Novice: 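First the structure, which I've put down as structure tokens, then a few questions once you've had a look.
Just so we're clear, the structure is a prediction, and the values are computed from it rather than from any experiment.
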Amino acid sequence: MHRLTAQLILWADLPEDSVLTRLSGIHAELAAGGYDPAALTARVNREVKRILDLSTTYGFDGNLWQNVLTFILITHVNSFSLTCEQRGASIGSVNRIAQADFEIFRKLFAFDFHELQEALGLDCFDILRNYRAIPKDAVMYNRNVSVRVQALSRSIAAAPDAKTVFALVTDHFRQCGTGLFGMNHAFRVLAAGQGDFTFLPINNLDAVTLDDLVGYDSQKAALRENISAFVEGRPFNNTLLYGDAGTGKSTSVKALVNEFAARGLRVIELNKHQFSLLAHVIARVKSRRYRFVIFLDDLSFEEGEAEYKFLKAVIEGGLESRPANVMILATSNRRHLVRETWRDRGDMEHEQDIHHSDTVEEKLSLAARFGCSIRYDSPDRALFNRMVLTLARRRPDVRLSDEELLALANRYELRHGGVSGRTAQQFVNSIQGDRS
């Protein structure tokens, strides 16, 4: 294996912690001799566990070794895969280099672990080649990734030559892109210090759509139009969803992922304490073909917090223009995002001056960076009742009459924060099972 991986060119710089890199190192020690069998067995077992963990995360079964190789092949970002993502298959000498790498992967697909297993008294790789996974409804995994990887893995395994593998993989890059962005739709950011970070896929996103959000028709229409313009490459605005708690602002963002992902939308969630990474995140994604929404949930700033100044400069106002494939989308309970106090008006030159003070203008300028501001108000009683009935009727096991549901809901909301979409959903959850 180590002789094969040493010949890779485009896929040569796999991370040190890659399963393929580590297994290649293990085979190199096996070939050199003089190894400690117990220590080498422990290392093999760790890599087998990592294969099992990755397969559980993404719902792989069957030949896990080939599935993991396929996962490595299509998630590694290099000059060739990026070119295929942007413009389809390349032409020229790089194709010959890519086909040479694909021929090596074909050999790795059929790699015989017999020597390693015999030397250490193992049979784990035989099990991995014909693995029966936990039933799919018993695990949480990204179905989209699972289906794509396993289908491509089977096609590569059946390919008669590297030229066929080349066609299969470049077609995948053209349709889905390369790296994790090609197979996942939503991400968090994990900071690693000194401006370094990784994107963590969110696999358990709620399967909600904008149509599932009861009411707020004008808000949904405005949001859809702005996002449609964004994914279609038309002029768009950064977006602020503001208003009362529990009215569906964050739910709307989840719905956007589900509705527009097939059209190239990707969402990256960033919390307030990661704003120092915002420019780095934008730099990492601005050259990709996808449309990225940088999602700032529950955004607000208290007295003395100055992060909003950094955010303001990054969103709009610095020397570098905003990439056309990046939108900032924030949700907040505050229209102006930054807490205002009467003390902020203390630098007015004249008490009756018609101009706001400089401090107030500074704070309001952040909200002004969002050209699309959409307000979500708490529902009135009629809309709340419609929410309750609509949500309850989506649950076939809830068989209470409309009158019974509304009577219980009105009592429930008095003890749980008043009327809102969140309260309506929580009420329906509370009655499911014990009042059906």
Novice: Hey, what do you get for CD (E413) to OG1 (T423), rounding to the nearest 0.5 Å?
Specialist: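 Spacing of CD (E413) from OG1 (T423) equals 7.5 Å.
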Novice: Check whether any side-chain heavy atom of F166 lies under 4.5 Å from a side-chain heavy atom of V169, and answer yes or no.
Specialist: no
Novice: Do Y376 and Y216 have their ring centres less than 6.0 Å from each other?
Specialist: yes
Novice: Hey, does the side chain of S155 reach the backbone of A151 with a donor-acceptor pair shorter than 3.5 angstrom?
Specialist: yes
Novice: Considering all heavy atoms of both residues, which atom of T75 and which atom of M183 are nearest to each other, and what is their separation?
Specialist: CG2-CE, 3.3 Å
Novice: How close do S250 and D297 get, counting heavy atoms only, and between which atoms?
Specialist: OG-OD1, 2.8 Å
Novice: So which atom in P160 and which in R106 form the shortest heavy-atom distance, rounded to 0.1 Å?
Specialist: O-NH2, 3.2 Å
Novice: Using atom types as modelled and distance alone, determine if a side-chain donor or acceptor of N78 lies under 3.5 Å from a backbone N or O of S81.
Specialist: yes
Novice: Do R266 and F181 meet the cation-pi criteria used here (NZ or CZ under 6.0 Å from the six-membered ring centre, within 45° of the axis)?
Specialist: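 Because its charged atom misses either the 6.0 Å distance or the 45° angle limit, R266 does not stack over F181.
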Novice: Any sub-3.5 Å donor-acceptor pair from E29's side-chain atoms to I26's backbone N or O?
Specialist: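 Flag not set: sc E29 to bb I26 has no pair under 3.5 Å.
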Novice: Classify the side-chain pair H76/D13 by whether it contains a donor and acceptor separated by less than 3.5 Å.
Specialist: yes
Novice: Under a 4.5 Å cut-off applied to non-hydrogen side-chain atoms, are L256 and L329 in contact?
Specialist: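 Side-chain contact under 4.5 Å: yes.
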Novice: Verify salt bridge (Lys or Arg N to Asp or Glu O under 4.0 Å) between R50 and D53, making sure each step is shown before the conclusion.
Specialist: CA-CA 5 Å; R50 294 178 69 212; D53 289 345; over 6 Å; no
Novice: Measuring from atom CG of L82 to atom CZ of R289, what distance do you get when rounded to the nearest 0.5 angstrom?
Specialist: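 One finds 11.0 Å between CG of L82 and CZ of R289.
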Novice: Do E85 and R288 pass the salt bridge (Lys or Arg N to Asp or Glu O under 4.0 Å) test, and can you show the C-alpha distance, the side-chain angles, and the key distance before you say yes or no?
Specialist: CA-CA 8 Å; E85 174 187 292; R288 304 300 297 271; 2.6 Å; yes
Novice: Is there a donor-acceptor contact under 3.5 Å from the side chain of K220 to the main chain of L210?
Specialist: yes
Novice: Kindly indicate whether the side chain of F295, heavy atoms from C-beta on, has any atom under 4.5 Å from the side chain of L270.
Specialist: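 No, too far: nothing below the 4.5 Å cut-off.
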Novice: Decide side chain to side chain contact (heavy atoms under 4.5 Å, CB included) for C124 and V44; before the verdict, give the C-alpha distance in whole Å, the side-chain angles of both, and the deciding distance to 0.1 Å.
Specialist: CA-CA 9 Å; C124 48; V44 170; 4.3 Å; yes
Novice: On a heavy-atom basis, which atom in V285 and which in V326 lie closest, and how many Å separate them?
Specialist: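 Looking at all heavy atoms of both residues, the closest pair is CG2-CG2, 3.9 Å.
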Novice: Between D211 and R224, does at least one N-O distance fall below 4.0 Å, as a salt bridge requires?
Specialist: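 Answer for the salt bridge query: yes.
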Novice: Indicate yes or no for a side-chain donor-acceptor contact from N325 to the backbone of S287 under 3.5 Å, with no hydrogens or angles considered.
Specialist: no
Novice: So among L241, L240, L296, T239, which one has a side chain to side chain contact (heavy atoms under 4.5 Å, CB included) with T331?
Specialist: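 Answer after filtering L241, L240, L296, T239: L241.
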Novice: If I compare all heavy atoms of A245 with all of S420, which pair ends up nearest, and what's the gap?
Specialist: O-CB, 4.0 Å
Novice: Please lay out, stage by stage, how V293 and L265 fare under the test side chain to side chain contact (heavy atoms under 4.5 Å, CB included).
Specialist: CA-CA 7 Å; V293 167; L265 186 72; 3.7 Å; yes
Novice: For the atom pair OG1 (T5) and CG (D101), what is the distance rounded to the nearest 0.5 Å?
Specialist: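 It is 11.0 Å, given to the nearest 0.5 Å.
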Novice: Taking atom CD as the centre, does Q175 end up with more than 12 heavy-atom neighbours from other residues, nucleotides or ligands that are less than 6.0 angstrom away?
Specialist: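 More than 12 heavy atoms, drawn from other residues, nucleotides or ligands, come within 6.0 Å of this atom.
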Novice: Treating S153 as the side-chain partner and V149 as the backbone partner, does any N or O pair qualify as donor plus acceptor under 3.5 Å?
Specialist: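 Side chain of S153 to backbone of V149: no pair is present.
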Novice: Take F71 and L54 through the side chain to side chain contact (heavy atoms under 4.5 Å, CB included) test and state the conclusion after the steps.
Specialist: CA-CA 10 Å; F71 185 84; L54 183 67; 3.8 Å; yes
Novice: Are S24 and T21 linked by a side-chain donor-acceptor pair shorter than 3.5 Å?
Specialist: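 Checked: S24/T21 side chains show no N/O donor-acceptor pair below 3.5 Å.
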Novice: Would you indicate whether the side-chain heavy atoms of V388 and F384 approach each other to under 4.5 Å?
Specialist: yes
Novice: With a 3.5 Å cut-off and no angle check, do the side chains of R395 and N429 form a donor-acceptor pair?
Specialist: yes
Novice: Mind checking whether V428 and M387 have side chains closer than 4.5 Å, heavy atoms only?
Specialist: no
Novice: Do N237 and F370 have side-chain heavy atoms sitting under 4.5 Å apart?
Specialist: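 No, too far: nothing below the 4.5 Å cut-off.
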Novice: Find the distance between NE2 (H2) and CD (Q7) and round it off to the nearest 0.5 Å.
Specialist: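 If we round to the nearest 0.5 Å, H2:NE2 and Q7:CD are 10.5 Å apart.
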Novice: Does the salt bridge (Lys or Arg N to Asp or Glu O under 4.0 Å) test come out yes or no for E225 and R234, once each step is laid out?
Specialist: CA-CA 10 Å; E225 172 56 31; R234 296 186 281 118; 3.3 Å; yes
Novice: What's the verdict on side chain to side chain contact (heavy atoms under 4.5 Å, CB included) for L108 and M1, showing C-alpha distance, side-chain angles and the deciding distance?
Specialist: CA-CA 7 Å; L108 289 171; M1 181 180 291; 4.0 Å; yes
Novice: Between the side chains of Q99 and N95, is a donor N or O closer than 3.5 angstrom to an acceptor N or O?
Specialist: no
Novice: Without swapping roles, check the side chain of N67 against the backbone of N63 for a donor-acceptor pair under 3.5 Å.
Specialist: yes
Novice: Is a donor from one side chain sitting under 3.5 angstrom from an acceptor on the other, for D161 and T164?
Specialist: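 Yes - a donor-acceptor pair under 3.5 Å links their side chains.
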Novice: Regarding T209 and D212, is there a side-chain donor-to-acceptor distance under 3.5 Å anywhere?
Specialist: yes
Novice: Examine F60 together with Y131 and report whether their ring centres are nearer than 6.0 Å.
Specialist: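 No: the rings miss the under 6.0 Å criterion.
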Novice: Rounded to the nearest 0.5 Å, what's the gap from CG on N238 to CE on M327? Could you check?
Specialist: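 Those atoms lie 7.0 Å apart.
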Novice: When rounded to the nearest 0.5 angstrom, what distance separates OG1 in T41 from CG in N45?
Specialist: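 That separation rounds to 6.5 Å.
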Novice: Could you give all pairs that pass the ring pair (Phe, Tyr, Trp, His ring centres under 6.0 Å) test and reach residues 24-53, with sequence neighbours left out?
Specialist: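 Non-adjacent pairs meeting ring pair (Phe, Tyr, Trp, His ring centres under 6.0 Å): H27-F111, H27-F113.
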Novice: Would you check if the side chain of Q66 reaches a backbone N or O of A157 as a donor-acceptor pair within less than 3.5 Å?
Specialist: no
Novice: I'd like to know whether E232 forms a salt bridge (Lys or Arg N to Asp or Glu O under 4.0 Å) with R263, so could you lay out the CA-CA distance, the side-chain angles of the two residues, the decisive distance to 0.1 Å, and finally the verdict.
Specialist: CA-CA 8 Å; E232 292 167 8; R263 297 166 63 180; 2.7 Å; yes
Novice: Give the minimum heavy-atom separation between S18 and I72, together with the two atoms involved.
Specialist: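 That would be OG-CD1, 4.0 Å.
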Novice: Measure from NZ or CZ of R284 to the centre of the six-membered ring of F197, then state whether that distance is under 6.0 Å and the direction lies within 45° of the axis.
Specialist: yes
Novice: With a 4.5 Å heavy-atom cut-off, do F102 and W11 have their side chains touching?
Specialist: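 The answer is yes; the side chains approach within 4.5 Å.
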Novice: Under a plain distance cut-off of 3.5 Å, with no hydrogens placed, do S146 and Q150 share a side-chain donor-acceptor pair?
Specialist: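 A donor-acceptor contact under 3.5 Å links the two side chains.
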Novice: Compare all side-chain heavy atoms of F199 with those of V281 and state whether any distance is below 4.5 angstrom.
Specialist: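 F199 vs V281: side chains touch.
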